[in-house]
Number of protein chains: 2
Amino acid sequence: MGWHYAALEERLARIGHIEGALAVLHWDTAVCMPAGASAARGEQIATLKRLAHDLLTHDETGELIAGAEAEADLDPWQRANVREAHRRFRRARALEPALVEALARAANSCEMSWREARRRSDFALLRPELETLLGLVREAATRIGGALGLSPYDALLDEYQPDLRDSLIAPLFEELARALPPLLEAALTRNRPAVRPSGPFPEPAQKAFLEQLMARLGFDFARGRLDESAHPFCGGTAADIRVTTRWRRDDLASALMAVLHETGHALYGAGLPRRWFGQPVGEARGIVVHESQSLLLEMQVCRSPAFLRFLARALATAFGPDPAFAASNLEALWHRVERGLIRVDADEVSYPLHVILRWRLEKALLAGSLAVADLPAAWNEGMRELLGVVPPDDARGCLQDIHWPSGAFGYFPCYTLGALLAAQLFRAARTALPELDRALERGEIGDLLAWLRERVHARASLLSFAELVCEASGGPLGVEPFLDHLRTRYGAH
Amino acid sequence: MGWHYAALEERLARIGHIEGALAVLHWDTAVCMPAGASAARGEQIATLKRLAHDLLTHDETGELIAGAEAEADLDPWQRANVREAHRRFRRARALEPALVEALARAANSCEMSWREARRRSDFALLRPELETLLGLVREAATRIGGALGLSPYDALLDEYQPDLRDSLIAPLFEELARALPPLLEAALTRNRPAVRPSGPFPEPAQKAFLEQLMARLGFDFARGRLDESAHPFCGGTAADIRVTTRWRRDDLASALMAVLHETGHALYGAGLPRRWFGQPVGEARGIVVHESQSLLLEMQVCRSPAFLRFLARALATAFGPDPAFAASNLEALWHRVERGLIRVDADEVSYPLHVILRWRLEKALLAGSLAVADLPAAWNEGMRELLGVVPPDDARGCLQDIHWPSGAFGYFPCYTLGALLAAQLFRAARTALPELDRALERGEIGDLLAWLRERVHARASLLSFAELVCEASGGPLGVEPFLDHLRTRYGAH
């Protein structure tokens, strides 16, 4: 290892520490910050982002990368670290600071308009801001694509999931678009009546129960915490993982399902290799892989009939007996499907249809074949085609998600690709761990977690996305394990 | 206003935003951070400090300061801002980065040894580390003193309270050292029997009561919060003030007094001028002035007989009737004096004697006339002379405070100078506000706060320390208002 590599790693560590500080600021903003501090917080965050960006895009960084690439004696992790650093460097250098700033400002302003537009269900309030933002996103995507040799949409996808290309997505999504509507149709006929646990469930009791459950699933409270925020998320750093949820006294499932999902993210973060903490190669492999870990825990593990039997006992122990806690009722409750309007409330059968709609529309918006003004009509038409329902207003239609108004085009596909990967990994895990179902029935996921740590978490960003998927799950990403899972769980053979 | 000044202000704002981010990290470390994250947090903090230091000490900063100093059309605030920036620049440039790093490392290591040494009451565990640290502090003080034309001890004082000199402290402290022992002696004979409120006082009830009390005193929860930490403090930024305390179920006074003290700090921070938020001239005028604001609220206002009558009613309303809540009992309880061993537990009569001991010893340590090895004996001898008691062990003697092991020499005098200034300001306020006592009896401090805002808070660092003291309180800092206050309250005429 020569001095170029060593100096590069030191510089990347500094960037990593700034990003770690930013993670604390983001968490604090969502969980602790008093409202009056938001302008000052915005300045703090912008300043740290700028410092990290300046360090990354500095000419010296480019020289260190070039020097390190020429060093012959790097081990595979070091070489991958240089590769990931180079990827970030190229992306960051592709945009002039003025464009980065214009994007941040437009996204901030568009997001504020969106809040108002959604509240009033008035798309006209969002339209001009979204047009401006889309223009800037298109310009940035074109620049980055030019620098990386990618189409604009692939340049956007690549930000969230390195190496993800639309040529991978398209056949998978078109297959899902064909297979899921009849599957949903059949599953709808299998919905069973169910009662919701009656509660009330005071926040301290819910929190104590969920902290115990998280610990059982492998979450280490010496390196993380559980708090409340308006929208559940998993933030922080690998050394300090911050899970949040929201408490509803009358609805136990709200916090429970959010915590199970976020704990899946958290376990991935905690399983990243300590040696590479704060270095690009030590980061999670991308949003698709991250989402696969949260959905694997939430959907594959925790909603499995075996785990629901454990959960039924645990709930009764924590909150006292309630007929609604019967395993068969929990299954009826949490295996329901519906033709819904809202993505975040969707069951796992219909969820990909919501995503496919957004994927089609955001590509058309980016390409210019769909005008922003025509988005509401196109949305409603897509909902009719894919889900058979039409939103009565735009608040429950094209205004429901924050992603586009915050500038995140190319993010939606990650959710469904994550669901596919979760099913594929879980199938491989069940083959490798024949005792898994019995362990889940006892609420024990230790063996599964060890398997995931070795196959996925400990590899961080050592491999490319495609390599990781193949090496961890045994083959390239496909729809079959996911569809098979749905057919089994929702009885729609 | 020329471009030098404008560019300087922009650069200072960036430094201010980094410091704001650091304030959040410090608060999070004390209040939220899981134990396992401390190494990573240390790196985040060190990285941000280094970035702020690099920005401040950059040659360009010096050029901007010099250019701004030559600009003719600055207003008084801008000119003071340049002056304060220059002060920071000179101090920061006086130390090479290697010395700064060595100091930080030595202080960190010494602080860890101190925790163990105090736990075991074994000074020998601390001695070598403290010798190393003292050597580095001496070197830094000599360098800074050389750059600023100050003695080493003045160079240290100047860090915590700009413009504070030992030539100001010495006559005040020698006068206190003569006046206080007989005053304490007399006050001891006036201690009255008192009963402590019996409790228990559950944390949520204490917190609700204190939040209500803080709001009544003028604390704005849209720009701040109250949380729990091992040691009470007031942190955050002027836009986001974070007060902490600790809860003791059996001792209401512990959290109450801590919160009143920290709220005094908080109100100062909240009263700093918004226009100058994040600029050097917009900062508090130094630790002495800060401490004057906390002690004014805690000691002058909230322990006054008038306010205790309000507090007696408020406590009975919040926690139910208890004979211990009688105003006369609260007065007997919270106006007790004693010959104690521990500074942080000391009453306001004996507290300055604890400080004077430390002031004498830290000057001798710095000058080399007292060896670290001889500190325990010198401490015990000083306690005998000033307070008439001798610690039975070093844990309750020279190992009790974190200040020296963390590298903070020159800080202790600020506590007592703050108490003097508090008494002097409160005397001036009572003259200006003849209705003050009646307002305090109703728990209303609005007029007092408005007076403090105008006289002290809104001036931030516009004036020098000496100018601010004179303009706000009507004369230079002296001991008479403080001694007069003690004689009145403790009946020792």
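By convention in this document, chain letters (A, B, ...) are assigned in the order of the sequence lines, proteins followed by strands, and residues within each chain are numbered from 1.
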(message) Salt bridge check, A:Arg225 against B:Asp28: does any charged N sit closer than 4.0 Å to a carboxylate O?
(response) no

(message) Is it true that, when you exclude A:Gln212 itself, more than 12 heavy atoms of the residues, nucleotides or ligands shown sit nearer than 6.0 Å to its CD?
(response) no

(request) State whether the number of non-hydrogen atoms from other residues, nucleotides or ligands found under 6.0 Å of A:Glu116 atom CD is greater than 12. (result) yes

(request) Might you point out which heavy atoms bring A:Arg242 and B:Met33 nearest each other, and give the distance in Å? (result) NH2-CA, 3.6 Å

(message) Are there over 12 heavy-atom neighbours, none belonging to B:Lys49, within less than 6.0 Å of that residue's NZ?
(response) no

(message) Can you tell me which portion of B:Phe277 sits under 4.5 Å from chain A's heavy atoms? Options are side chain, backbone, both or neither.
(response) side chain

(request) Under 4.5 Å, counting heavy-atom pairs only, tell me which of A:Gly224, A:Gly236, A:Pro34 racks up the most with chain B. (result) A:Pro34

(message) For the interface with chain A, which of B:Gly278, B:Ala13, B:Gly20, B:Ala40 has the highest count of heavy-atom pairs at distances below 4.5 Å?
(response) B:Gly20

(message) Around atom CD of B:Glu203, are there more than 12 heavy atoms from other residues, nucleotides or ligands closer than 6.0 Å?
(response) yes

(message) Let me confirm one number: the CG-CZ distance from B:Leu48 to A:Arg14, rounded to the nearest 0.5 Å.
(response) 10.5 Å

(request) Considering non-hydrogen atoms only, spot the tightest contact between A:Cys32 and B:Trp27 and give its length. (result) SG-CH2, 3.7 Å

(message) What's the separation between atom CG in A:Leu51 and atom CD1 in B:Ile18, rounded to the nearest 0.5 Å?
(response) 4.5 Å

(request) Please state whether the side chain, the backbone, both or neither of A:Thr237 comes within less than 4.5 Å of a heavy atom of chain B. (result) side chain

(request) With rounding to the nearest 0.5 Å, note down the distance linking OG1 in A:Thr47 to CD1 in B:Ile15. (result) 11.0 Å

(request) For each of B:Ala222, B:Ala239, B:Ala39, tally heavy-atom pairs with chain A at distances under 4.5 Å, and name the one with the top tally. (result) B:Ala222

